[in-house]
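Worth saying up front: this structure is predicted, and the values here are computed from it rather than measured. Every chain is numbered from 1 and lettered A, B, ... according to where its sequence line falls, protein lines coming before strand lines.
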Number of protein chains: 2
Amino acid sequence: MSLPTKKRVVIIEDDQEIRESFSLIVNSSQRFAVVGAYGNCEDAIASLNRDKPEIVLMDIELPGMNGIKGTQIIRDKSNSTEVIMVTVYEDSDLVFEALKAGASGYITKSANYTELLSALEEIVRGGAPMSSRIARMVIDNYHINPNSPLTKRETTILQLISEGKTYTQISEELFISKETAKTHIKNIYSKLQVNSKSEAIAKANHDKLI
Amino acid sequence: MSLPTKKRVVIIEDDQEIRESFSLIVNSSQRFAVVGAYGNCEDAIASLNRDKPEIVLMDIELPGMNGIKGTQIIRDKSNSTEVIMVTVYEDSDLVFEALKAGASGYITKSANYTELLSALEEIVRGGAPMSSRIARMVIDNYHINPNSPLTKRETTILQLISEGKTYTQISEELFISKETAKTHIKNIYSKLQVNSKSEAIAKANHDKLI
DNA sequence: TTAATAATCACCCAAACTTCGGTATAATTT
DNA sequence: AAATTATACCGAAGTTTGGGTGATTATTAA
C-alpha cells in the first residue's frame, strides 16, 4: 500500500530564519510537506497554481502586500486552501480583519515545534487553531455591551431595526402605535448620535449594543 | 499562608446523574468548589445572590426556562460570572444564540473528567474553552460567502450601506453619480429580494455577503 | 474574432418612508 | 417629589424606493 498523501503546505514569511525553521518543522512530519516558502505574498500568489497548497502559513507583516490582503487573494483564487495566520501580534482589530479575510487559524510566532504541528493537525481535522487569548477575543466579540445607553425598550426596537423592519412593522410587532415607534427611534438616534437606521445598525454592531 | 480561594461553581443540569457526576469531578479539584447544583434556571437564579458563582456550567435543554435565556439573565444580574454551556448539541444556531446570550465557553456533555476540568481552568486563565467543531463554526462565521450573487461593485456598495452611508455619501466616496449608486442599490435589492437598506444589511449579515 | 452577456454608469418621475422638531400624558423607578 | 421610561400625535423637509430607459465598457463563449 502507498503512504497517505502528505498535505501541501506553503509558508509566507519574510524573515528567512523563521521561514527555514518553520519549513524544517513542517517537513519533519510524516503528514505534511512544504511545497513552497516565500518572503512575500506576490511571489506566493504567482506560484499558487503550481503549489496548490492545502494549507498556507501566513505572516501578517510582509514587504509589499500584507498578509491580510494576501489571505483575501489566496482565498479568492483557491477557496479550499486554509490559511493560518502566524504573527507576533494579538491585536484585536488585526485578528478580526484576518478572520474576515478568510483565515481559519491564528497562532503566534513564538509557536514551538509541537504547537505548530498541532495547529496544522487541527486544521486538517476541520478545527480552527488559535491561542486562548484569540479564542476569548473572538467569543467576547459576540457579547452584548452591558454599558449600553439604551433602555430595554429601545434595545428591542434597535434589534427590530437591525432585522430590517419598518416603522409600521415594528409598531405592529410590539403592539404600539407607529408614532410611538417613531419617538423611540428618535431617542435612539439622539443617544447614539446617528441619524438613520443604517447608521444606527452600524453603531449598534460596532458597540455591540444588540 | 492560606490556600488560594477556590473558584465558586454552579451547575445547572436537569439530569440528576450527570449533575452529580459533574459535581464530583469539579469538587475533586483543589481549584474549584460547587456552591450550588440545580435542575433548572429558575432555582439557580433565585439563589444567585447567595451562591455568587464565578463560573456556571449550564445545560441548554432544561425544564422551564432554557439555558440560553438563563444565561442572558444570569449575565445580566452578574456580569462577572462566566457561563460555560454544556450540551449534547453542536447545532450552529444554538451555539451563536448561546454566545450572544453571554456564554464564554461551549463544551459537550460527553466531556470527561479531564476535559471538564481543563475547560474550567481555561476560563480562569481568561480563555474560551470550546471543541474543535465549535471553534471552526465560530471562525467560519467571519468568512465571507464565496457564492455571493453580487458583483464586486455591488458588494462594495453594500459594504458602504452597512456602514450607514447615504446615497449621496456613497456616490461621493466612489466618484459616481447619485443616480448610479441608486441603480446599483436597486440591483442589489432585486438580487437579495429585499426593499430597504436595513433589510439588505440584515440579509447581508445573515448570508455573510460582506 | 465576433457575438453575447455581464457589469457599470446615468437620468426621470412619482410614491412611500424616514427624519426632525415640537408637545404631552401615564407609569415606573429612584 | 423628581427623573426616567414608555406611550401617543402632528406637520414639514428630506431621503429612499420602484418603475422605466439607455449607453459604454469589460468579459466570456461560440
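- Remark: C1' of D/dT17 and CD1 of B/Ile170 are 14 Å apart, rounded to the nearest angstrom.
- Distances shorter than 4.0 Å separate some side-chain N or O of A/Thr151 from OP1 or OP2 on D/dA6.
- Checking the phosphate oxygens (OP1, OP2) of D/dA8, a side-chain nitrogen or oxygen of A/Thr180 falls inside 4.0 Å.
- Of the side-chain N and O atoms in B/Arg153, one or more sit less than 4.0 angstrom from OP1 or OP2 of C/dC9.
- What separates CD1 of A/Ile176 from P of C/dA27 is a distance of 17 Å, to the nearest Å.
- Taking atom CD on B/Gln193 and atom P on D/dG18, their separation rounds to 13 Å, with Å as the unit.
- Positionally, the nearest nucleotide of DNA chain C for B/Lys152 lies more toward the 5' end than for the other of B/Glu179 and B/Lys152.
- Atoms CG (A/Leu150) and C1' (D/dA6) sit 14 Å apart, rounded to a whole Å.
- A salt bridge is defined here as a Lys NZ or Arg NE, NH1 or NH2 lying under 4.0 Å from an Asp or Glu carboxylate O, and B/Glu122 with B/Arg125 meets this definition.
- Nearest to the side-chain atoms of B/Ser196 among the listed nucleotides C/dA10, D/dT17, D/dA8 stands D/dT17.
- A straight line from CG of B/Asn195 to C1' of D/dG19 spans 14 Å, rounded to a whole angstrom.
- Between A/Glu54 and A/Ser80, the side chains place no donor N or O within less than 3.5 Å of an acceptor N or O (distance only, hydrogens not considered).
- We find that B/Lys69 and B/Glu42 are not joined by a salt bridge, their nearest charged nitrogen and carboxylate oxygen being 4.0 Å or further apart.
- Here D/dC10 is the nucleotide among D/dC10, D/dA8, C/dC9 with the atom lying nearest to any side-chain atom of A/Lys182.
- At a threshold of 4.0 Å, the pair A/Arg136-B/Glu82 counts as salt-bridged, since one of the basic side-chain nitrogens sits closer than that to a carboxylate oxygen.
- For C/dA10, one of the phosphate oxygens OP1 or OP2 lies less than 4.0 angstrom from a side-chain nitrogen or oxygen of B/Ser177.
- The side chain of B/His184 contributes no N or O atom lying less than 4.0 Å from OP1 or OP2 of C/dA7.
- Here B/Thr168 lies out of heavy-atom contact (under 4.0 Å) with every strand.
- Residue-level contact check: A/Tyr167 touches the bases, meaning some heavy atom is under 4.0 Å from a base atom.
- For B/Lys197, a side-chain nitrogen or oxygen approaches OP1 or OP2 of D/dT16 to under 4.0 Å.
- Contacts of B/Lys178 with the nucleic acid, taken as non-hydrogen atoms under 4.0 Å apart, are absent.
- Within the structure, every side-chain polar atom (N or O) of A/Asn187 is placed at least 4.0 Å from both OP1 and OP2 of D/dT5.
- With the nearest nucleotide of DNA chain D identified for both A/Lys191 and A/Lys186, A/Lys191 has the one nearer the 5' end.
- Heavy-atom minimum distance, B/Asp14 versus B/Arg19: O-NH1, 3.6 Å.
- Under the side chain to side chain contact (heavy atoms under 4.5 Å, CB included) rule, A/Met58 has a single partner from A/Ile55, A/Leu62, A/Ile60, which is A/Leu62.
- An OP1 or OP2 oxygen of C/dT19 is reached within less than 4.0 angstrom by a side-chain nitrogen or oxygen of A/Tyr189.
- Taking the nucleotide of DNA chain C with the nearest heavy atom to each of B/Glu154 and A/Ile185, the more 5' of the two is matched to B/Glu154.
- Rounded to an integer number of Å, the gap from CD1 of B/Ile188 to P of C/dA6 is 18 Å.
- Residue A/Leu174 contributes atom CG, which lies 11 Å from atom P of D/dA6 at whole-angstrom precision.
- Computed from coordinates, the A/Ile157 CD1 to C/dT18 P distance equals 13 Å when rounded to whole Å.
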